[in-house]
**Student:** 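Here it is: the structure, laid out below.
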Amino acid sequence: MGSSLYWPALGYATLHTLEFTALGLAGSLLLGLVLALMKVGKWAPVRWVAIVYTELLKNTPLLVVLYIIYFGLPSIGIIFDRLIAGSLALTVCYAAYLSEIFRAGLQGVPNGQREAGYAVGLSTFAVYWNIILPQAFRLSLAATGNMVVDVLKTTSLISVIGGAELLTSAENITAANFEPMKVYLIVGGIYFAFCFPLSRLVVWYETRLKAGKNRQRSRRRLEAELREIGAVA
Amino acid sequence: MSGEGAGEVTIGAPASPAATPSALPAIEVRELYKTYPPQRRGRGFEPTPVLKGVSLSVQNGEHVSIIGRSGSGKSTMIRCMNLLEMPDAGVVRANGITAFDDGLKVNGRGLVEFRRGVGMVFQQFNLFPHLTAAENVSLPMTKGIGLSRLDALARAASMLRKVGLADKMGSFPHELSGGQQQRVAIARTLAVQPKVVLFDEPTSALDPELVGEVLEVLRELAGEGMTMVIVTHELAFAAEVSHRIVFLDGGEIAEQGTPDQLFRNPTNPRTQSFVSQFGTK
Ligand SMILES: Nc1ncnc2c1ncn2[C@@H]1O[C@H](COP(=O)(O)OP(=O)(O)O)[C@@H](O)[C@H]1O
Ligand SMILES: [Mg+2]
């Protein structure tokens, strides 16, 4: 098989890799946030559920979790296809890591912020949505960005269940053309081509936040609005 | 009790608003008890009883200052008044809402409603660092009482003008001096038009040269007849604006009265010692 022949296969596989990444991220960001909120909440049983979940999944290899979901669960009648099984494994594992990052971010927001929100008559939801989460987001941005890149790289583990993503595809191609060096270098290059810009993007956004670019934009917006309503000259 | 100061108003102290004895208090706490749990379990870590049956009833338009040594429970008491701190026992009532009655507190929505009527200004300002001054002031209106962003900004702008910050609307908290931050915080508190405002040492975190500008805003607010409860170490200021001074000591109200009574003729030896220690400064 000439190299021109496996490019379409790698193209499809790349799409699958991105699909796993997107689903795994969406799931783990959401579940991670829920777990983090559970951990900073005032209700002890809820806190404990989140803590036990986190410790359990943080200390179990993702590969084992994936085996349990894909090979184990069918024995009790729960069957997922590869796409769901792979995304679910990423979701449940990365939710544990992300929940720790988000918890640290939430706890990094001083208590006075919550109190100031409650004191002006905001509901708990309004306090979290408008005051706590925006600040916690900034605090956890760098660590979350690293996790995003990590999820993309970890999709390669899903090859063990033949997930049809990049590494699976590479294995299939080398089995046919016996050019492992070349194929794996190409696949490594594709992972890098996605991960490197993603890491830089996170760094760029962080620098931008630090430099106050977003603040300057809010200020300009505000000044325009104040002029619009005639509150300033 | 409510008409206590009416007949003996002294020079310097404002006329008492408590002239109508039948009026319901604007805010009232009764027999408040609060004990903090020990910091850790084990020997040497005892629970700290902080409030030991404190009662205070403040009339509409009345200005009450709470003074006392550090650690006497002033913050705990004033924070119980808007239920940022939950008492162990007692009653907390304001603007006709009984928000706490011996362990029973109102539900979430009731609590939000209650707190909207009872503003609080903090020692550390607690402005929202990710928002401009104008947005800090409009947030309680847009997210609390459902005003549109532009309506809220218009009101925020007029509040900020009132506290002398017309030129700082687009500034972020870290770009403002302590005095300016505290004035933004006061504007933010007034944004939802509370009936009562609680101040917990509003000038204690400020450099001395910035204290005056904040006290000026408080003075103005007092002049408008706002109901105010002020924890402060600025005894001269307290004497000037307060109808009544409360001296809190060891979690109990040791003495209360008009500024003149409390500062010139304290009857309790503990008040005498406190006033002679701080009053001469
Ligand atoms: N969250 C808390 N947990 C435990 N102890 C506290 C807490 N807040 C205050 N205390 C203790 O309660 C006492 C009264 O504190 P506070 O009300 O802040 O006094 P003040 O404002 O008069 O200085 C102090 O001994 C303080 O250490
Ligand atoms: Mg205090």
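Within every chain, numbering begins at 1; the chains are lettered A, B, ... in the order of the sequence lines, protein sequences first and strands thereafter.
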**Student:** Find the one option among B/Thr132, B/Val121, B/Leu150 whose heavy-atom pairs under 4.5 Å with chain A are most numerous.
**Tutor:** B/Leu150
**Student:** Which residues in residues 182-195 of chain B have any heavy atom closer than 4.5 Å to a heavy atom of chain A?
**Tutor:** B/Arg188, B/Thr189, B/Val192
**Student:** Contact part of B/Val118 toward chain A, heavy-atom cut-off under 4.5 Å: side chain, backbone, both or neither?
**Tutor:** backbone
**Student:** Specify the closest pair of heavy atoms between B/Val112 and A/Gly121, including all atoms of both residues, with the distance to one decimal.
**Tutor:** CG1-O, 3.3 Å
**Student:** Could you tell me which portion of A/Leu226 (side chain, backbone, both or neither) has an atom closer than 4.5 angstrom to a non-hydrogen atom of chain B?
**Tutor:** side chain
**Student:** Run the side-chain contact (heavy atoms from CB on, under 4.5 Å) test on A/Glu225 and B/Glu135 for me, step by step, so that the C-alpha distance in whole Å, both residues' side-chain angles and the decisive distance to 0.1 Å come before the verdict.
**Tutor:** CA-CA 11 Å; A/Glu225 285 167 331; B/Glu135 288 166 326; 5.6 Å; no
**Student:** Just checking heavy atoms, which of residues 73-82 of chain B are less than 4.5 Å from chain A?
**Tutor:** B/Arg79, B/Asn82
**Student:** So which of A/Arg138, A/Gln135, A/Glu223 has the biggest tally of heavy-atom pairs under 4.5 Å with chain B?
**Tutor:** A/Gln135
**Student:** Indicate yes or no: at least one non-hydrogen side-chain atom of A/Ser218 is less than 4.5 angstrom from one of B/Phe172.
**Tutor:** yes
**Student:** Examine distances only and state if a side-chain atom of B/Arg115 and a backbone atom of A/Ala119 form a donor-acceptor pair shorter than 3.5 Å.
**Tutor:** no
**Student:** In sequence, state the C-alpha distance, the side-chain angles, and the governing distance for A/Leu222 and B/Arg149, and then conclude on side-chain contact (heavy atoms from CB on, under 4.5 Å).
**Tutor:** CA-CA 10 Å; A/Leu222 177 85; B/Arg149 179 167 161 105; 4.1 Å; yes
**Student:** Flag the one option from B/Ser158, B/Pro129, B/Gly117 with the top tally of heavy-atom pairs under 4.5 Å to chain A.
**Tutor:** B/Pro129
**Student:** Check whether A/Gln113 reaches the backbone of B/Leu127 with its side chain - one donor and one acceptor, N or O, closer than 3.5 Å.
**Tutor:** yes
**Student:** So, B/Glu175 and A/Arg219, do they make that salt bridge, N to O below 4.0 Å?
**Tutor:** yes
**Student:** Decide yes or no on side-chain contact (heavy atoms from CB on, under 4.5 Å) for B/Asp151 and A/Ile229, but give the supporting numbers first.
**Tutor:** CA-CA 8 Å; B/Asp151 286 347; A/Ile229 57 178; over 6 Å; no
**Student:** How about residues 190-208 of chain A versus chain B: which residues have heavy atoms under 4.5 Å apart?
**Tutor:** none
**Student:** How far does OH of A/Tyr118 sit from CG of B/Leu111, to the nearest 0.5 angstrom?
**Tutor:** 9.5 Å
**Student:** Report yes if the side chains of A/Val120 and B/Leu139 come closer than 4.5 Å at any heavy-atom pair, otherwise no.
**Tutor:** no
**Student:** Would you tabulate the side-chain donor-acceptor contacts of residues 125-133 of chain A under 3.5 Å, counting partners in other chains and residues two or more places apart, or write 'none'?
**Tutor:**
residue, atom, partner, partner atom, Å
A/Tyr128, OH, A/Arg114, NE, 3.2
A/Asn130, ND2, A/Ala126, O, 2.9

**Student:** Looking at A/Tyr12, I want to see if its OH is surrounded by more than 12 non-hydrogen atoms of other residues, nucleotides or ligands under 6.0 Å.
**Tutor:** no
**Student:** Could you tell me which portion of B/Phe122 (side chain, backbone, both or neither) has an atom closer than 4.5 angstrom to a non-hydrogen atom of chain A?
**Tutor:** side chain
**Student:** Could you look at B/Leu84 and say if it's the side chain, the backbone, both or neither that has a heavy atom under 4.5 Å from chain A?
**Tutor:** side chain
**Student:** Please identify, among B/Gln124, B/Met141, B/Arg161, the residue contributing the most non-hydrogen atom pairs under 4.5 Å to chain A.
**Tutor:** B/Arg161
**Student:** Heavy-atom count around A/Lys58 NZ within 6.0 Å, excluding the residue itself: above 12?
**Tutor:** yes
**Student:** In terms of heavy-atom pairs under 4.5 Å with chain A, which of B/Ala166, B/Gly144, B/Gly170 leads?
**Tutor:** B/Gly170
